[in-house]
Amino acid sequence: MLIEMRGIAKRYQMGSHVVNALDGVDLDVDRNEYLALMGPSGSGKTTFMNIIGCLDSPTEGRYVLNGEDVTSMSDDTLAHIRNKEIGFVFQTFNLLPRASAFQNVELPLIYAGLDAGTRRERAAAALEAVGLQDRAHHKPNELSGGQRQRVAIARALVNRPSIILADEPTGNLDSKSGAEIMKLFEELHARGNTLIVVTHDDAVAAHARREVRLRDGRIEVDRRRDPIPA
Amino acid sequence: MPAPIRRNSLWDENIAQAVEVMRAHRMRSALLIVGVAIGIATVLMMVTVLSGLSKKIYQDMASANRPYIYAQKFDFVVEDEGAENLWLRPDFTREDAAVIASTCPSVDASVFMIESQGTYVVRYGAEKTPPTTVLGCSYRLPELFSLSVDRGRFFTESEERFRERVVVLAAGPAKDLFPQLNPIGRFVLINGAKYEVIGTMAPRKSIFGAWSDNFVCVPHPTFGKDLHTENDWITLGATVRDGASLQQGVEEVTRALRVRRGLRPGQPNNFSIETSESFLTLVKKVTVPIGIVLTIIASIGLVVGGIGVMNVMLISVTERTREIGVRRAIGAARADIMRQFLIEAATLTGVGGVIGVTLGTALAIGVSKLIRFPFVFSPGWTVVALVFSILVGVGFGLYPARRASDMDPVAALRHE
């Protein structure tokens, strides 16, 4: 099992009362799953995503990721885990504006401490995987939205993470570019990657093989289903 | 849990990023760099000019080929002794010089000097000098201060003994009185008496010493006959024989003078002994505190530059909150973020430092030329200035860098 979560809760102190953003969530995710995490705003979806992505730690519960208990890891160890296990894809791409596509993709490898030769090979391979090998030296502002998101996906892939965690990956794209990104996700899934896509868009969620729906900090729906026909 | 691996490649990325940021914010970076550069240039210029000044004084002092001993009535620096006691001190006599010559084996030339308290206008025909010091001295004076006679000669022992009216002109009076003529063998008027010019001296190129190039030398017995007044400043000078130590010479001269003055053991000297070395110590005593004060003043400028660094870095950290969040998300530890911003700050001030060192050296060369000091390039100070400029970056970048590294990645990613 790739993700094992038991009784995950996250509470925030808001003035005098406590907000239960997550209230006892259990979740198991296997390798090569394609999961859509859904829910209205205020459902705890974002908090849950941050915990899955090791950006945040739960107040209660136990989270084992790829065989390691990450529940109460130190900040720096979590940074290392994120580098190794998680590939983030954001709604607003979050590329470094002053770095080229190649440099953006290379960055996780730098934090991983790989040598320049290996970095060059892997970054080039990741750019090729998203079909942007000929845009390697373009800056983000010289790329279209769809291309930027593909660079971001290459950056997420490059360190061979256990999970690709995408937050509204098509939210800032036109429908054509959005469709291309979803097609790319299908390919990544077909190649054996594990994907978790956080979205409120049913059309996006429809690509996933499993749907997890949150409401008021609890899992309301967790069902497997067939993908929409391509 | 394995410890995160060493990440040497981060340095390259950090420096590349720092250069990239500088390029992106040219104006802001340029202003900051100029500020630091001016601070560093000021410090370096001050230090360099001051080293040049010390060296100049040192050269002038040490222009004598041999170390010398100088006996005078009062100390250079008067410490807390009763002032009335000081005025009771006896003057030196020419016999003192003779006794030193005969009883001190380490002493070579022993010179008696009377420096006129007032100044005299020396005349030749219609030409005249500005008011000039007349020095009555022994024939061996040139040995003491390594004065070089460029035309004619200095006076001889017999001219001294027979109180001849002969004069050796230093470069100043020589030029004033004889702009064209050869002065040797001509007669000049000092205080109404006729003196034969037998020699002139080369310019000393010296800024130090009361006489500079504006004095004339006559034999001291002649001086005693024609010019002596009660307040003339009498000193004894002596050089040390080859192979003898300055310390030995000082001890011998001190002993000889104490014996002549009948001082009992335990009684303090009622004269002052200086040496070429103690003059240098005095110079250092003066230049070191001046240097420290100047450096403190200049450091204030650098602190102002440092506050500029802090300001620019705080702006940079705030502007790049998102970037910090992204970097944290893809695996940067707090220390990585911290280092990134420290390197950025240090790169900015380091560039300022390089420019400042160049500018400061150039200014120091200019100032040295202007005031005719030797230019002393000091690799040590240059390195110190560069290291200091980088330290200013690291020091003042610390707070902004800490602010960046302490950010919560979730909040940083959400930052608009």
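Below, chain A is the first sequence line, B the second, and so on; all start at residue 1. Just the heavy atoms: all of them, side chains too, but no hydrogens, waters or symmetry mates, feed the values below.
For residues 88-96 of chain A, a heavy-atom distance under 4.5 Å to chain B picks out A:Phe88, A:Phe90, A:Thr92, A:Asn94, A:Leu96, given by residue number. Among residues 47-66 of chain A, the residues having any heavy atom closer than 4.5 Å to a heavy atom of chain B are, in sequence order, A:Asn50, A:Leu55, A:Asp56.
Interface remark: B:Arg322 contributes side-chain atoms only to the contact with chain A (heavy atom separation under 4.5 Å).
Ring planes of A:Tyr34 and A:His189: tilted class, angle from 30 to 60°.
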Item to check | Derivation of the salt bridge (charged side-chain N to carboxylate O under 4.0 Å, His left out) call for A:Arg160 and A:Glu85 | outcome: CA-CA 8 Å; A:Arg160 297 164 191 166; A:Glu85 305 285 358; over 6 Å; no
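Under the 3.5 Å distance criterion, with hydrogens and angles disregarded, a donor-acceptor pair is assigned to the side chains of B:Ser316 and B:Arg320. No hydrogens or angles considered: a donor-acceptor pair under 3.5 Å links the side chains of A:Asp69 and A:Thr71.
A salt bridge links B:Arg23 with B:Glu20: the distance from a Lys NZ or Arg NE/NH1/NH2 to an Asp or Glu carboxylate oxygen falls below 4.0 Å. The pair B:Arg327-B:Asp336 fails the salt-bridge criterion, with no side-chain N (NZ, NE, NH1 or NH2) lying under 4.0 Å from an Asp/Glu carboxylate O. In this structure, B:Arg328 pairs ionically with A:Asp75, as a charged nitrogen and a carboxylate oxygen lie closer than 4.0 Å. Salt bridge status for B:Arg339 with B:Glu344: absent, with no side-chain N to carboxylate O gap under 4.0 Å.
Residue A:Pro108 is tested with A:Arg122, A:Arg155, A:Arg119, A:Arg82 for a side-chain contact (heavy atoms from CB on, under 4.5 Å); the sole match is A:Arg155. When each of B:Ile40, B:Thr42, B:Val36 is checked for a side-chain contact (heavy atoms from CB on, under 4.5 Å) with B:Ile38, only B:Thr42 meets the rule.
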